[in-house]
Structures are given as C-alpha cells and as structure tokens.
Asker: 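Please read through the structure below; I'll follow up with questions.
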Number of protein chains: 2
Amino acid sequence: MTTSSIPGYRLGDTTLPKSPLTKDDLATLKTTLLFGDADVAALRQAHGVVEDQVEAILDVWYGFVGSTPHLLAYFSDAKTHQPLDAYLDAVRKRFGQWILDTCRADYDEAWLAWQDEIGRRHHRSGKNRTDGVSAAPHIPMRYVLALAVPISVTMKPFLAKKGHASAEVEAMHAAWSKAVLLQAILWSRPYAREGDF
Amino acid sequence: MTTSSIPGYRLGDTTLPKSPLTKDDLATLKTTLLFGDADVAALRQAHGVVEDQVEAILDVWYGFVGSTPHLLAYFSDAKTHQPLDAYLDAVRKRFGQWILDTCRADYDEAWLAWQDEIGRRHHRSGKNRTDGVSAAPHIPMRYVLALAVPISVTMKPFLAKKGHASAEVEAMHAAWSKAVLLQAILWSRPYAREGDF
Ligand code: HEM
Ligand code: HEM
C-alpha cells in the first residue's frame with residue numbers, strides 16, 4: 001500500500017485532532033446500527049472481491065455525481081460553476097483508497113479521528129482546504145447522508161462478480177451498506193449543534 | 001382511518017409550522033437517495049401487505065429498543081431512569097400509524113411539516129411535550145439516523161409474508177428502506193446548525 005503517495009490522505013496521521021467520540025460512543029452507535037463482528041468479517045471478505053475493481057466502482061459513482069447537477073455543483077467553482085477537473089481527480093484518488101479502508105477498518109482512535117476529518121472536508125469548516133480549491137464552500141448534511149444509498153446500492157454487482165454464493169454476497173452487501181451509513185453519520189458530527197450529535 | 005383518535009397525531013394539522021424545505025429541496029433529496037416513482041408504487045403495495053401486521057412489527061421494534069439500554073433510556077424518566085410505560089404506549093400508537101403513513105405518503109407540504117414536527121419530537125426542542133412526560137430530554141442525532149437500519153432490516157420478513165414474488169419483496173423492501181432513511185434525514189434538520197442542513 002502506498003497511501004503516503006496520495007496527496008491529502010491522512011488516515012493514521014497522529015497530528016489530526018482527536019475525535020470527541022469515545023470508543024464506547026462508537027460501540028453504542030454500532031449496536032444501534034446492528035453492526036457486529038459478522039459485518040467486520042464480511043467486509044474483510046469484500047476487500048478481496050473489490051480490490052481490483054476500484055476504478056470501475058469509481059466510474060459508476062463519478063458517473064452518478066457528474067450527471068446530477070445539484071451534486072456536481074459541489075465539485076464546481078463557486079463563482080463560474082464550472083466543474084474543477086483537478087479537484088475531481090484529487091478527491092477520486094482518496095475515494096478509491098477509502099473503498100479499501102472501509103473494508104478493513106479497525107475502528108480505533110486513528111480511524112475515528114480520520115472520520116471526523118472527512119466530515120469537516122464535506123462541511124464548510126474544512127471543505128476545499130486539502131486541495132486548495134475555490135469550489136462551493138459547503139455540502140448540505142442531507143445530501144451527505146442521502147448519498148449513502150447510491151454508494152451502497154451500486155456496490156452489489158461488484159460484490160457479486162467473483163462467484164460467491166448469493167448468501168455471501170448478501171452478507172457482504174449488508175455489511176457494506178451499514179459501514180457506509182455508519183461513516184456518513186460520523187461525518188455529520190461537525191454539522192450538528194453543540195451537544196445535539 | 002380513525003387517526004383523529006390517536007392523541008398527539010398531527011399529520012394534516014394546518015396549524016403546524018411550515019417546513020423550511022421547499023418541494024424542490026425535497027425533489028433533489030429524493031434524487032440523491034435514488035427514491036423514485038417505482039418506490040412510491042412499491043410502498044403503496046407494501047401498505048396492503050403490512051396493514052394487518054402492524055402490532056407484530058411494533059413488537060419487534062419495541063423488543064429491540066426495550067432490550068437496548070442506551071435506547072430505552074430515552075423512554076425512561078430523566079431522574080429515576082425507570083421506563084415510562086404510559087409514554088411507551090402513547091408513542092406506540094403513533095408509531096403504528098406512521099408505518100401506514102410511510103406506505104402511502106404523498107410528500108406534500110403537510111407531510112413535510114409533519115416530518116419537521118417528528119424531528120423536533122426527537123430533539124430537545126420538542127421531546128416529551130406531546131405526552132407531557134419527564135423523560136430524558138433529547139435523543140442524539142446519531143441514534144435517530146442509525147435506527148433506520150433496524151427499522152429497515154426487520155421489515156423484510158413481514159413484507160415476505162403474503163406470498164409475493166421475491167423480486168416484488170425486494171422492491172418493497174428497498175423502497176421501505178429508502179423511505180425510512182429519507183424521513184430520518186428530514187428529522188435531523190432541527191439538529192443541524194443554521195444553514196448546514
Ligand atoms: C455517504 C456519502 C458519501 C461518501 C461515502 C463520500 C465519500 C467521500 C470520500 C471518501 C472523500 C475523500 C475524503 C478524503 O480522503 O479527503 C470525499 C470527499 C468529497 N466528497 Fe464525499 N462522500 C459522500 C457524500 C458526498 C456528497 C453528497 C457530495 C456532494 C457532491 C460529496 C462531495 C465530496 C467532495 C466535494 C469532496 C472533497 C472535499 C474536500 O474539499 O476535501 N460527497 N467524499
Ligand atoms: C429511523 C429511526 C426512527 C424512526 C423511524 C422513529 C419513529 C418514531 C415515530 C413514528 C415516532 C412518533 C412520532 C409522533 O407521531 O409523535 C417516534 C417518537 C419517538 N421516538 Fe422515534 N424513531 C426513530 C429513532 C428513534 C431513536 C433512536 C429513539 C431512541 C430511543 C427514538 C425514541 C423515540 C421517542 C422517545 C419518541 C417520543 C418523542 C416525544 O416525546 O414526542 N426514536 N419515533
């Protein structure tokens with residue numbers, strides 16, 4: 001893994017601010033989501049399935065965002081409204097890495113701190129800084145949460161592509177869907193009023 | 001339908017504050033969630049399937065909340081931490097009605113205003129008022145969003161119980177899951193900082 005060569009990628013960077021969430025907070029959140037050890041195992045299995053399909057998966061997701069004007073706006077210049085190709089490309093590299101990270105997350109403090117940072121990067125408090133761009137300054141919380149659906153639904157055919165039994169594909173897909181929503185929820189923290197998250 | 005006989009039920013009550021969301025805002029949110037006309041139709045079909053199963057569904061959900069201490073806490077007295085049976089019962093009646101409402105929602109202004117009110121009822125700005133109780137004053141946003149998973153997953157067997165083809169059950173279940181997340185997202189509005197939702 002050459003993650004250090006991806007500009008702006010900071011999972012494991014010990015200089016990131018700590019997440020205000022404790023490991024106990026994360027545990028109760030996982031319980032609420034029915035996210036358990038079987039899901040962790042299914043995600044590990046999914047890693048091997050999607051590892052060589054990352055670019056094809058990103059093509060689908062970027063296709064969706066690129067063809068949905070109210071979403072493409074957040075990758076576009078705040079003034080000219082032109083899509084910023086360099087920004088789209090820079091984020092795409094980290095997005096690909098995130099697919100693999102989601103499959104093998106270990107849910108420790110470094111992972112929690114990184115989720116908090118990804119939240120800020122969607123929120124007005126941190127968007128555009130990593131890539132030094134002048135794009136739209138803030139992605140509304142409702143879209144961040146709602147995009148969990150396409151990011152989940154579209155994964156199923158990729159998980160089914162390596163000949164696993166249908167029950168295994170279902171298990172990997174359910175685990176993936178929960179892991180995506182779990183992260184989107186963690187990313188919504190900077191959006192919530194003090195004490196409300 | 002004798003919804004008027006359910007204390008605290010206010011879908012269609014024209015004295016509710018208007019939702020700040022426009023119909024266009026709702027349309028782009030639905031697009032982001034891949035929620036379309038086929039989902040609306042599948043939910044209408046689900047209505048007939050679950051209509052006579054509402055109490056059994058509520059038994060499952062109340063069983064989950066009742067056996068999960070960090071969730072039961074929000075139905076419990078803020079000081080004594082004892083579950084408030086009258087509160088649980090009062091909410092259960094509206095929750096049953098909500099299942100049917102979710103299947104036949106028409107997504108108009110009255111529906112949007114009611115979503116906003118349900119959001120406030122989970123948030124510190126409106127919790128406990130409807131039933132005049134002294135329960136824990138606020139449900140954290142992360143749990144409201146996360147509970148969308150159990151509320152979705154547990155619905156599948158009920159949707160499968162009336163002998164529909166597996167593809168129809170899948171379609172009803174996908175539509176149900178999106179409709180639940182859509183509403184949980186709308187309910188998170190009062191939690192978001194000004195301008196962030
Ligand atoms: C579940 C929903 C979402 C997932 C899983 C997701 C995933 C990601 C990931 C992995 C990154 C890269 C983080 C990094 O390493 O820097 C990212 C950044 C970004 N995403 Fe999302 N995202 C979601 C929602 C959205 C939505 C709704 C939009 C709206 C178009 C969006 C637009 C962006 C943008 C513009 C960036 C770059 C932010 C920056 O300036 O650093 N994302 N997203
Ligand atoms: C997707 C997630 C959720 C759904 C679909 C849901 C559904 C509902 C519904 C339909 C009502 C009745 C609204 C009304 O007519 O007054 C309600 C109220 C309530 N829910 Fe939830 N809920 C969710 C998350 C949660 C969570 C995580 C908790 C934590 C235990 C919770 C606890 C309550 C309580 C205590 C009330 C009564 C609030 C009041 O004082 O008015 N809900 N919920």
Side-chain angles (χ1 to χ4, degrees), chain A residues 21 24-35 39 64-65 67-71 73 119 122-125 137-154 156 166 170 174-175 177-182 184-197, chain B residues 21 24-35 39 64-65 67-71 73 119 122-125 137-154 156 166 170 174-175 177-182 184-197:
Chain A
L21 248 65
D24 281 355
D25 291 333
L26 181 61
T28 49
L29 182 56
K30 281 171 157 179
T31 304
T32 314
L33 250 143
L34 306 178
F35 187 89
D39 294 300
F64 178 66
V65 169
S67 63
T68 307
H70 77 271
L71 295 178
H122 288 84
H123 182 262
R124 64 180 87 257
S125 57
H138 176 78
I139 302 168
M141 182 173 82
R142 62 187 187 273
Y143 296 143
V144 174
L145 292 163
L147 200 74
V149 172
I151 296 283
S152 297
V153 169
T154 53
K156 187 114 167 232
S166 141
E170 291 296 333
S177 303
K178 292 184 218 172
V180 173
L181 186 60
L182 173 62
I185 292 172
L186 292 172
W187 300 350
S188 71
R189 197 202 58 80
Y191 292 80
R193 290 175 203 276
E194 197 65 39
D196 276 5
F197 176 72
Chain B
L21 247 67
D24 281 355
D25 290 334
L26 182 61
T28 50
L29 182 56
K30 282 171 156 179
T31 304
T32 315
L33 249 143
L34 306 179
F35 187 89
D39 294 300
F64 178 66
V65 169
S67 64
T68 307
H70 78 270
L71 295 179
H122 288 84
H123 181 262
R124 65 180 86 256
S125 56
H138 176 79
I139 303 168
M141 182 174 81
R142 63 186 186 273
Y143 296 143
V144 174
L145 292 163
L147 199 72
V149 172
I151 296 283
S152 297
V153 170
T154 54
K156 187 117 168 227
S166 142
E170 290 298 332
S177 303
K178 292 183 218 173
V180 173
L181 186 59
L182 173 63
I185 292 172
L186 292 173
W187 301 350
S188 71
R189 196 203 58 82
Y191 292 80
R193 290 177 204 275
E194 197 66 39
D196 276 6
F197 176 71

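Residue numbering restarts at 1 for every chain, and letters A, B, ... go by the order of the sequence lines.
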Asker: Taking side chain as C-beta onward, heavy atoms only, is A/Ile185 less than 4.5 Å from B/Arg142?
Answerer: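 The answer is yes, as the side chains (C-beta and beyond) meet within the 4.5 Å cut-off.
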Asker: So which of B/Gly195, B/Pro69, B/Ala148 has the biggest tally of heavy-atom pairs under 4.5 Å with chain A?
Answerer: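 Heavy-atom pair counts peak at B/Gly195.
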Asker: Pick from B/Arg189, B/Lys178, B/Arg124: which one has the most heavy-atom pairs with chain A under 4.5 Å?
Answerer: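 Going by pairs under 4.5 Å, I would pick B/Arg124.
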Asker: Counting heavy-atom pairs closer than 4.5 Å to chain A, which one of B/Leu186, B/Leu147, B/Val149 comes out on top?
Answerer: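 Ranked by heavy-atom pairs under 4.5 Å with chain A, first place is B/Val149.
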Asker: Using non-hydrogen atoms and a 4.5 Å limit, figure out which bit of A/Leu71 sits close to chain B: side chain, backbone, both or neither.
Answerer: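 For A/Leu71, the contact with chain B is made by the side chain alone.
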Asker: So which atom in B/Tyr191 and which in A/Asp196 form the shortest heavy-atom distance, rounded to 0.1 Å?
Answerer: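 So the two residues come closest at CD2-O, 3.4 Å.
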Asker: Of the backbone (N, CA, C, O) and the side chain (C-beta and beyond), which part of A/Leu29 lies under 4.5 Å from a heavy atom of chain B, both, or neither?
Answerer: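 Both backbone and side chain.
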Asker: Rounded to the nearest 0.5 Å, what's the gap from OG on B/Ser152 to CG on A/Leu181? Could you check?
Answerer: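 It is 9.0 Å, given to the nearest 0.5 Å.
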Asker: Please flag which part of A/Phe35 lies under 4.5 Å from any non-hydrogen atom of chain B: side chain, backbone, both or neither.
Answerer: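 Neither the backbone nor the side chain of A/Phe35 comes within 4.5 Å of chain B.
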Asker: If you count heavy-atom pairs within less than 4.5 Å of chain B, which of A/Asp25, A/Leu34, A/Leu182 leads?
Answerer: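 When all of A/Asp25, A/Leu34, A/Leu182 are compared, A/Leu34 has the most.
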Asker: With a 4.5 Å heavy-atom cut-off, do B/Glu194 and A/Arg193 have their side chains touching?
Answerer: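 They are in contact (side-chain heavy atoms under 4.5 Å apart), so the answer is yes.
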Asker: Heavy atoms only: give me the nearest B/Phe64-A/Thr31 pair and the separation to one decimal.
Answerer: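 Reported closest heavy-atom pair: CZ-O, 3.7 Å.
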Asker: Examine whether an atom of A/Thr68 lies under 4.5 Å from a heavy atom of chain B, and if so say whether it belongs to the side chain, the backbone or both; otherwise answer neither.
Answerer: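 Side chain only.
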